[in-house]
**Student:** 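Mind looking over this structure? Questions follow.
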There are 2 protein chains.
Amino acid sequence: MATPGKGEPKYLQIAADLRASITSGERGPGSRLPGENDLMAAYQVARETARKALAQLINEGIATPRRGAGVYVREFRPVIRNGITRLSGQTWPEGKSVWGEEAEGRSLEVGGVQVSEDDPPPRAAILLGLGDGERVIVRDRRYLLDGKPVLLARSYLPASLVAGSRITQADTGPGGTYARLADLGHAPAHFREDLRARMPEPGEVASLGLAPGTPVVEVIRTAYTSSGEPLEVSEMVADASAYVFRYDFTST
Amino acid sequence: MATPGKGEPKYLQIAADLRASITSGERGPGSRLPGENDLMAAYQVARETARKALAQLINEGIATPRRGAGVYVREFRPVIRNGITRLSGQTWPEGKSVWGEEAEGRSLEVGGVQVSEDDPPPRAAILLGLGDGERVIVRDRRYLLDGKPVLLARSYLPASLVAGSRITQADTGPGGTYARLADLGHAPAHFREDLRARMPEPGEVASLGLAPGTPVVEVIRTAYTSSGEPLEVSEMVADASAYVFRYDFTST
DNA sequence: TAGTGGTCTAGACCACATT
DNA sequence: ATGTGGTCTAGACCACTAC
């Protein structure tokens, strides 16, 4: 059960042993890994060295610690967020699933909608082409997967465009914000989504309840009219262990 | 310069102080953080505690250690990978940049192309709809940004479809693999990309030269003919600190 | 050479969940 | 009540780089 080892640090060798037992399927999702005391005895190392081995797997995101209980193998059962059919209503050939069971029998719902008017942050002001003193309507919301928050979203819309409309209320009615924009004569026609992955800030760890070793995906979506006028900037931060982002497109 | 602190662990308080000095702009990208000895003296803590504070920032991906030199603030200057215009040749309104300077004056080139024939791995076999014993052409390549690898790509194509064509050679000629597929009467028409972010495996850390605290983005692209026949599965692993993924689409 | 981060040890106390 | 992981200390030796 032990790896001979050469110049490799002990804690990485121990981590490699444990990782191999996971990827080989010997230890399945949800199973418990040997604890600090077990590793100290099995490998004849100090407590801190055993801890570093477990910390390595935790930081890789393949294991997660439970206080007073042990360290456990994580699983990955993502929700698929579809970038285009969700927005256009277009259907697409059903793909085979390579991501496991997906959201079968799980609930994904929106909560905590809050609306306010404010000065735009610099990034939103740039994308919306707003000048000094122009204000925005800010719409906050969270997506909950089985009650646990998995995505935080904040949208900015020029106040001059949507003031007095239902977009300034929590419930935007059937079709949501984009339908209301269309009602106002500003139908969204083009969308751009920029995706970036990074490790979370401590505030995001708290608000998303992220396990150690879990990155976030930052999505910045901009909606434009057919003439290229920016209508809305939406900034999302998603728990990367909960989402797969899907984009379908057709070559012209 | 010290935070009073309550129930918060010391090392997180120290990390928070340093993080604040970074996000406030007081310490810019490339600047050096206080070393272990500095922190021990400034906060009256043991060496391991000072180390954990720095390790925290390193694992968050906002700082990176240089042996024998110190710990330095990282910067983020990504390449933008455009999901649709790259494939369709379609142009799009130029967006304002919110990602910093982007790839100005930097080179992004392909290297290390390798082609072989093999049995498909399970995931590719499922997506390509291949039965037992059917083989695939495997095309490996790497993308180098200023000489440093930032993306690893591996494509699978049914051997029965492309055997004998230029797709089995390293240089596929003008227009690349998709142009050759069209030549063969199998023009790609639909594409699907699934993106997922996760922490890298140790092998990926080595082959991409990833700094600690850097996630990877895993992209699985499937190309289909207009009749829905799968042509190619491409699996990519990208350095998340080097890429922004961009998707443009038009509502119908 | 001096200073840096990287690894490791041997102890300790704590808060927590019940493997 | 026992064992778990979480934090912290005070030392040590090493490999690496040049602040």
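Basis for what follows: all heavy atoms, side chains included, without hydrogens, waters or symmetry-related copies.
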**Student:** Do the side chains of A:Arg154 and A:Glu235 get close enough for a salt bridge, i.e. N-O under 4.0 angstrom?
**Tutor:** no

**Student:** Less than 4.0 angstrom from a charged side-chain N to a carboxylate O is my criterion; do A:Glu60 and A:Arg74 meet it?
**Tutor:** no

**Student:** Would you kindly give the CZ-to-C1' distance between A:Arg66 and D:dG3, to the nearest whole Å?
**Tutor:** 15 Å

**Student:** Quick check: on DNA chain C, is the nucleotide nearest B:Gly70 upstream (toward 5') of the one nearest A:Gly68, or the reverse? Name the residue that is more 5'.
**Tutor:** B:Gly70

**Student:** Answer yes or no on whether B:Arg66 is positioned over the face of B:Tyr72, meaning its NZ or CZ is under 6.0 Å from the six-membered ring centre and within 45° of the axis.
**Tutor:** yes

**Student:** Taking the six-membered ring of B:Tyr156, is NZ or CZ of B:Arg123 closer than 6.0 Å to its centre and within 45° of its axis?
**Tutor:** no

**Student:** Can you tell me how far CD of A:Glu109 sits from CZ of A:Arg142, rounded to the nearest 0.5 angstrom?
**Tutor:** 11.0 Å

**Student:** Whole Å only: how far is the CG atom of B:Leu54 from the C1' atom of C:dT4?
**Tutor:** 11 Å

**Student:** For every nucleotide of nucleotides 7-12 of chain C, 5' to 3': is a protein heavy atom under 4.0 Å from its base (B), only from its sugar-phosphate (S), or from neither (-)?
**Tutor:** BBBB-B

**Student:** Starting at CZ of B:Arg32 and ending at P of C:dG3, how long is that distance when rounded to a whole Å?
**Tutor:** 12 Å

**Student:** How many Å lie between CG on A:Leu39 and C1' on D:dT4, as a whole number?
**Tutor:** 13 Å

**Student:** Is the backbone N or O of B:Gly203 less than 3.5 Å from a side-chain atom of B:Ser207, with the two atoms forming a donor-acceptor pair by type?
**Tutor:** yes

**Student:** Is the phosphate of C:dG3, meaning OP1 or OP2, less than 4.0 Å from a side-chain N or O of B:Asn37?
**Tutor:** no

**Student:** Could you state the CG-C1' distance from B:Asp38 to C:dG3, rounded to the nearest angstrom?
**Tutor:** 10 Å

